Each structure stands twice: as C-alpha cells, then as structure tokens.
A.B. asks: 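Would you mind keeping the following structure in view while I ask a few things?
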Amino acid sequence: MFEHRQLDMANGFIEELRWRGLLHDSMPGVEEHLAKGPQRGYIGFDPTADSLHVGNLVQIMILVHFQRCGHKPVALVGGATGMVGDPSGKSAERNLLDEEALRHNERCIKAQLERFLDFNSPTNAAELVNNYDWFKDMGFLRFIREVGKHITVNYMLAKDSVKNRLETGLSFTEFSYQLVQGFDFYWLYKNKECVLQMGGSDQWGNITTGTELIRRMDGGEAFAITTPLLTKSDGSKFGKSEGGNIWLDAARTSPYKFYQFWLNATDDEAARFAKIFTHWTQAECDALIEAHAKDPGRRSLQKEVAAFITTLVHGKVETGSAIRASEILFSNASDGLAQLSEQQLLEVFEGVPQAEVQKSVLSSGIAIIDLLTDHTGFLPSKGEAKRALKESSIAINRAKVADDRSVTTTDLLNGKFLLLQRGKKNYFLVKIVG
RNA sequence: GGGGAGAUACCCAAGCGGCCAACGGGGGCAGACUGUAAAUCUGCUGGCUCACGCCUUCGUAGGUUCGAAUCCUGCUCUCCCCA
C-alpha cells in the first residue's frame, strides 16, 4: 500500500494542499520552514468512538499527504483531551467518557490509522502518541503553575470557541480545553521536535493557543495549518448518510455501504473527493475529471474514487466484492442474481440486513405482506408493507411484486435465499432454514 | 419572591368542546423522469383490519361533559418580564 513514489519535496506540502483544496489557513513562514527539510507535524484524533469515520478521513489524508511529501507525520490520540471535551463547534456541554471506554477506543483507532500511514519507513516513519501519557501524572497545581501561568484569561476568552459559548455557558472544564491541547503541542515541540499542528478550521483557535504557549514558555516558533470543513453539495454535513455516520470499521459500516457512500457522490463532490482522498497527482485528477465530464452518465469518476478509497480502507478483496455487489444490484438485467453461487451470494450481501425463516413457512406459500413484516421484520408494520406494495416499491429477487403475491419455495435462490427489496437501495436477505 | 407565556406526531407549527389520527412546512420513504445524480412532478408518512370500523396518541395525574388536543384542578418542565 505504501509503494507510491515520494513526491518532489521542492514542490512542497503546502502547494500540495493548495491544489487539493485542503488549505484553509496557515501561519506565515510555514512554507519556508517545511522547505528546509523533513519536519514533524501532528494532528489529533478524539477517541470518542471505537472507530474513526469518514469525517476523520480528511485529517488522516492530510497526514498521508504530509508523509508522501517526505515529512514525518505524528498522529495523536487524545486519551487525555478526550476526557475533557472540546467546546469548538459544539453548542452544548459534552458528555464525558470514562477512562475504560477511552482506552478501548484509543486502541481501535490506533489500529485503523496503521492502515493509512507507514509506521516502518526507514526515513520518515509515522508515529503515534497518546497525550494521556504525559497528562496522567500531571497534577492540577503543576499544570496551572507551569502552563496556566503563561496564558491570560483575556486571551482565552477571545477564542471563537469560547466566545460562542459565553451566552449559553460552558464549564470550566471545557474552557480549559484549549490549554490542555495547547500543552500537547508544547510537549511534542519540546520532546519530538514537532513544529506543526494541523486540523480542521474549527481547530485554529486551539492550535494557536499551542503556538502561543511554545513562544511564551520556550521562546520557540511553531506553526499552524487548517483545512476547510468539508460539506456536501447541498450544504449538509459531510460523512453522514441515511443510517448515520459512515464508519471505517467494517463491523459498523459494511464495505458495500462504504463503497456506495462514495459512489453516490455528486459530480462536483466526486471531483473534490478525488483531490482530497486519493494519492493521484494533479494531472491524473484533471484527466479523470475531464474524462468524466465528457460522459457524466457513466459516473466513471465516482467509481474510480469509490474504488480507491474503499481499497485503502478495506483492501482489494472487500472492494472487489463491493463492486460486484453493486453491479449486480443495480444492473438492469435481473438474471445476474440467479447465476451467483451460495458463496458469492453471501459475500455480496454481507452487511445487508438479514433474517432467517423456517422452510415450513414457505412450503404452502406465504402472503408477501406477512413475509415482509411478521417473519422477517424488514418493514415495521403491515400498514407500511401495504403502502409499499401499493407504491410498487417491493421486489423479490429484483422483480417487482404486487400485493397479492404469495411466496413459495420455488422463489428461492440456490434453494435457500430470498432477496427482498424496497425501492432501489434497500435490500434484505432472507435465509431459509430447517 | 412577584407577574406573564407555553408544553401538539421525527422537527417546526396550526387547532382552542364534536366535522381531529389532528391544517401547513421541513425532514423521511416511494413512484415517474434520470446517470444508483441534480432539478422537477406525484403519492405516502401512528397501529390493527379486505373493509365498515376499532385501538393508542396532543407534557403528566385527575375532573366536568353524551363527547375534550380543546374547559377545570393539582403536578412537572421550559421561556420571558419585574424584584
């Protein structure tokens, strides 16, 4: 996965971010500083769940691009900061997780990051740190003496993340957050020669508290770079889908769903995604975008992008299955299903909701309504099932059915499966047992 | 502490004794169109029933009434104004 060529460093990381549309703001002097040679830069990840999601993917890719430009990326898992809660972009006080949950989340996140970054490079290996390591023995008194002393409350109040919450209120804990994160930066600067922190644009305030601390505590110079917050074409938040978050963990979001998420990007989004989430060069991106523009109906760009990212996250094998599943489920030919072996069928529908039904239920034929509700739970109520049937949105094995349809063993695929479908995108696999 | 306003289905928001399972908008789902798109148009959006209809739902607990989301009382919570 890491066989890609290193980019020409003269070309520069900042320039790379710029054409990829990933540069929102940066402190003067960063470009020159990075040009001096390999540098360390870090991004923090909140261990609020035991998996990262596509919303985090932007930051991950920043580190990836950073490493590909020859620098040393540091991923910080916020074991300590996760216990405090960042007020940035939040309208209400955050719930705190207990330590046990945080430890678990942190381990899972670490495993996911290892898929993207090269931790074994002889020249610029990525590094993973956990701020809990330097905070766990830090007492309150020591913190306010050594760190708090250097930053005025006036300075802290001026941050947007704090200002926006003064009306509704925020706890002292959240108020202190920027100092805690700022100290992270100081610590990494001091112990790891890390001179750059990156993050989403909502992190600007927290990052600059860090550079300020470094200057005041040590007279040192450090830098900040932020990326724009990604939104969908319709303005809504990126990374959410009907079912909620799109996770990187296959157990939470199946590779099929993950692939579909990217495939469903609008033309405009796909072009942006190509630049942000792939390793393609500018010329390669332009060529693909141009090719797509000539025949947008083929959605070649969405397919390329989806395949690339899914491979990065889930690997080649899973991606192949996701692509095949998509082709079968969305091709107009309905005969593809019958050709599948049991093995393939199960592969294709991994991640699709499933239920088991006793064979005896089908032996004398069962009304479609009962199958959809009582026996499988695919639809929540009979009323809903009737409505769906009236809309002619229900299909069995990809063939539309009417409300008087009854289902028997002759409908089974491979003698033991039944594919229920509502609309174009909602599938449900019934497995016959007994 | 005093005064006032309010709590309605996923969200916003009408209704203010029967015609209310509850206007309208948003969201969601589906159909047509299409590129598994966008835009647009259409339908649906508490449960059970083939259906007449029945049941549950308008903060909560009671009450008045033939009949209440609508009136009365207690309670809980939210917001605003004055101290």
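All figures in this text were calculated on a predicted structure; none of them were measured in a lab. Every chain is numbered from 1 and lettered A, B, ... according to where its sequence line falls, protein lines coming before strand lines.
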A.B. asks: Does B:U49 have OP1 or OP2 sitting under 4.0 Å from an N or O in the side chain of A:K382?
C.D. replies: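 Answer is yes, contact under 4.0 Å.
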A.B. asks: Judged by atom type as modelled, is there a donor-acceptor pair below 3.5 Å linking the side chain of A:E284 to the main-chain atoms of A:T281?
C.D. replies: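 Between the backbone of A:T281 and the side chain of A:E284 there is a qualifying donor-acceptor contact (under 3.5 Å).
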A.B. asks: If the threshold is 4.0 Å, N to carboxylate O, is there a salt bridge linking A:E391 and A:K400?
C.D. replies: no
A.B. asks: Applying a 3.5 Å limit to both distances, which nucleotide forms a Watson-Crick or G-U wobble pair with B:A9?
C.D. replies: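 WC or wobble partner does not exist here.
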A.B. asks: Need one value for A:E384: base, sugar-phosphate or nothing, where a base atom within 4.0 Å counts as base even if backbone is also close, heavy atoms only.
C.D. replies: nothing
A.B. asks: At 4.0 Å (heavy atoms only), tell me whether A:L263 reaches a base, stays on the sugar-phosphate, or touches nothing.
C.D. replies: base
A.B. asks: Would one find a side-chain N or O of A:T266 under 4.0 angstrom from OP1 or OP2 of B:A38?
C.D. replies: no
A.B. asks: Heavy-atom distance under 4.5 Å between the side chains of A:M156 and A:V162, does that happen here?
C.D. replies: no
A.B. asks: Under the 3.5 Å rule, do the base of B:U36 and the side chain of A:Q302 count as making a donor-acceptor pair?
C.D. replies: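 Donor-acceptor pair under 3.5 Å: no.
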A.B. asks: Distance check: side-chain N/O of A:N426 vs OP1/OP2 of B:A30, anything under 4.0 Å?
C.D. replies: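 Affirmative; the distance criterion is met.
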A.B. asks: Rounded to whole angstroms, how far apart are CZ on A:F273 and C1' on B:A37?
C.D. replies: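 Between C1' of B:A37 and CZ of A:F273: 13 Å.
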A.B. asks: Rounding to an integer number of angstrom, what distance separates B:A32 and B:C19 when you compare their C1' atoms?
C.D. replies: 35 Å
A.B. asks: Is there a side-chain contact between A:S326 and the phosphate of B:U36, meaning an N or O under 4.0 Å from OP1 or OP2?
C.D. replies: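 It does not, given that no N or O in the side chain of A:S326 lies less than 4.0 Å from OP1 or OP2 of B:U36.
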A.B. asks: When you measure from the side chain of A:N264 to the backbone N and O of A:Q260, does any donor-acceptor pair fall under 3.5 Å?
C.D. replies: yes
A.B. asks: Within the structure shown, what part of the strands sits under 4.0 Å from A:R298 by heavy-atom distance: base, sugar-phosphate, or nothing?
C.D. replies: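 Here A:R298 touches no strand at all.
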A.B. asks: With rounding to whole Å, what would you report as the distance between B:G6 and B:A30 at their P atoms?
C.D. replies: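 It works out to 40 Å between them.
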A.B. asks: Taking B:U42 as the reference, what is the distance to B:G25 when you measure between their P atoms (whole Å, please)?
C.D. replies: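 Straight-line distance between the two P atoms is 11 Å.
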A.B. asks: Could you identify the nucleotide paired to B:A32, looking across every strand shown and requiring Watson-Crick or G-U wobble geometry with both distances under 3.5 Å?
C.D. replies: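 Checking every strand shown, B:A32 finds its partner in B:U40, with both distances under 3.5 Å.
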A.B. asks: Once each nucleotide of nucleotides 53-58 of chain B is scored for protein heavy atoms under 4.0 Å, what B/S/- sequence comes out, 5' to 3'?
C.D. replies: ------
A.B. asks: Should A:E327 and A:K303 count as an ion pair when the cut-off is N to O under 4.0 Å?
C.D. replies: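 Looking at A:E327 and A:K303, the cut-off is not met.
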A.B. asks: Taking pairing as Watson-Crick or G-U wobble with both contacts under 3.5 Å, can you name the mate of B:C23, or confirm there isn't one?
C.D. replies: none
A.B. asks: Is it the case that the base of B:G31 and the side chain of A:E391 share a donor-acceptor contact (distance under 3.5 Å, atom types as modelled)?
C.D. replies: no
A.B. asks: Tell me the interatomic distance from A:D403, atom CG, to B:A30, atom C1', rounded to whole angstroms.
C.D. replies: 15 Å
A.B. asks: Is it true that A:R387 and A:D403 make a salt bridge, defined as a side-chain N closer than 4.0 Å to a carboxylate O?
C.D. replies: no
A.B. asks: Take atom P in B:U60 and the same atom in B:C11, then report the distance between them in whole Å.
C.D. replies: 14 Å
A.B. asks: Counting only N and O atoms by type, is there a donor-acceptor contact under 3.5 Å from the side chain of A:Y427 to the main-chain atoms of A:P353?
C.D. replies: no
A.B. asks: Can you measure A:Q421 atom CD to B:U36 atom C1' for me and round it to whole angstrom units?
C.D. replies: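 So the two atoms are 11 Å apart, to the nearest Å.
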A.B. asks: Take atom C1' in B:C12 and the same atom in B:C58, then report the distance between them in whole Å.
C.D. replies: 15 Å
A.B. asks: Tell me the interatomic distance from A:F330, atom CZ, to B:A37, atom P, rounded to whole angstroms.
C.D. replies: 8 Å
A.B. asks: With both distances under 3.5 angstrom, what nucleotide forms a Watson-Crick or G-U wobble pair with B:C58?
C.D. replies: none
A.B. asks: Do any side-chain nitrogens or oxygens of A:R387 fall under 4.0 Å of OP1 or OP2 in B:G47?
C.D. replies: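 Yes, such a contact exists.
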A.B. asks: In whole angstroms, how far is the P atom of B:U36 from the CZ atom of A:R324?
C.D. replies: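 From A:R324 CZ to B:U36 P: 20 Å.
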A.B. asks: Measuring only the C1' atom in each nucleotide, how far is B:G2 from B:U73? A whole number of Å is fine.
C.D. replies: 22 Å
A.B. asks: So does A:Q421 get a backbone contact from the side chain of A:N426, meaning a donor-acceptor N/O pair under 3.5 Å?
C.D. replies: no
A.B. asks: Checking all strands, does A:K400 fall into the base, sugar-phosphate, or nothing category for heavy-atom contacts under 4.0 angstrom?
C.D. replies: sugar-phosphate
A.B. asks: Does this structure show an ion pair linking A:D50 with A:R107, if we count only N-O contacts that are shorter than 4.0 Å?
C.D. replies: no
A.B. asks: Please compare A:G383 and A:K425 by the position of their nearest nucleotide in RNA chain B and report the one closer to 5'.
C.D. replies: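 Closer to the 5' end of RNA chain B: A:K425.
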A.B. asks: For the pair made of CG in A:L372 and P in B:A30, what is the distance, rounded to whole Å?
C.D. replies: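 Result: 14 Å.
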A.B. asks: Rounding to the closest angstrom, what is the interatomic distance between B:A14 and B:A7 at atom C1'?
C.D. replies: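 Result for the C1' pair: 15 Å, nearest Å.
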A.B. asks: Quote, to the nearest angstrom, the P distance that separates B:G15 from B:A9.
C.D. replies: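 My reading of the P atoms in B:G15 and B:A9 gives 16 Å.
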A.B. asks: Rounded to the nearest Å, what distance is computed from the CG atom of residue A:L389 to the P atom of nucleotide B:U49?
C.D. replies: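 Going from A:L389 (CG) to B:U49 (P), I get 13 Å.
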A.B. asks: Can you confirm if the NZ or CZ of A:R324 lies within 45° of the ring axis of A:Y256 and under 6.0 Å from the centre of its six-membered ring?
C.D. replies: no
A.B. asks: Among B:G31, B:G35, B:C29, which nucleotide sits nearest the side chain of A:R422?
C.D. replies: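 In terms of side-chain proximity for A:R422, the closest of B:G31, B:G35, B:C29 is B:C29.
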A.B. asks: What does B:U64 pair with, Watson-Crick or G-U, if both distances are under 3.5 Å?
C.D. replies: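 Looking at the geometry, B:U64 pairs with no nucleotide.
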A.B. asks: Does a distance-only test, which skips hydrogens and angles, find a donor-acceptor pair under 3.5 Å between the side chain of A:K424 and the base of B:U34?
C.D. replies: yes
A.B. asks: Is a donor-acceptor pair below 3.5 Å formed from side chain A:D267 to base B:G35, judging by atom type as modelled?
C.D. replies: yes
A.B. asks: Which whole-number value in Å describes the distance from A:I394 CD1 to B:C29 C1'?
C.D. replies: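 After rounding, the gap between these two atoms is 11 Å.
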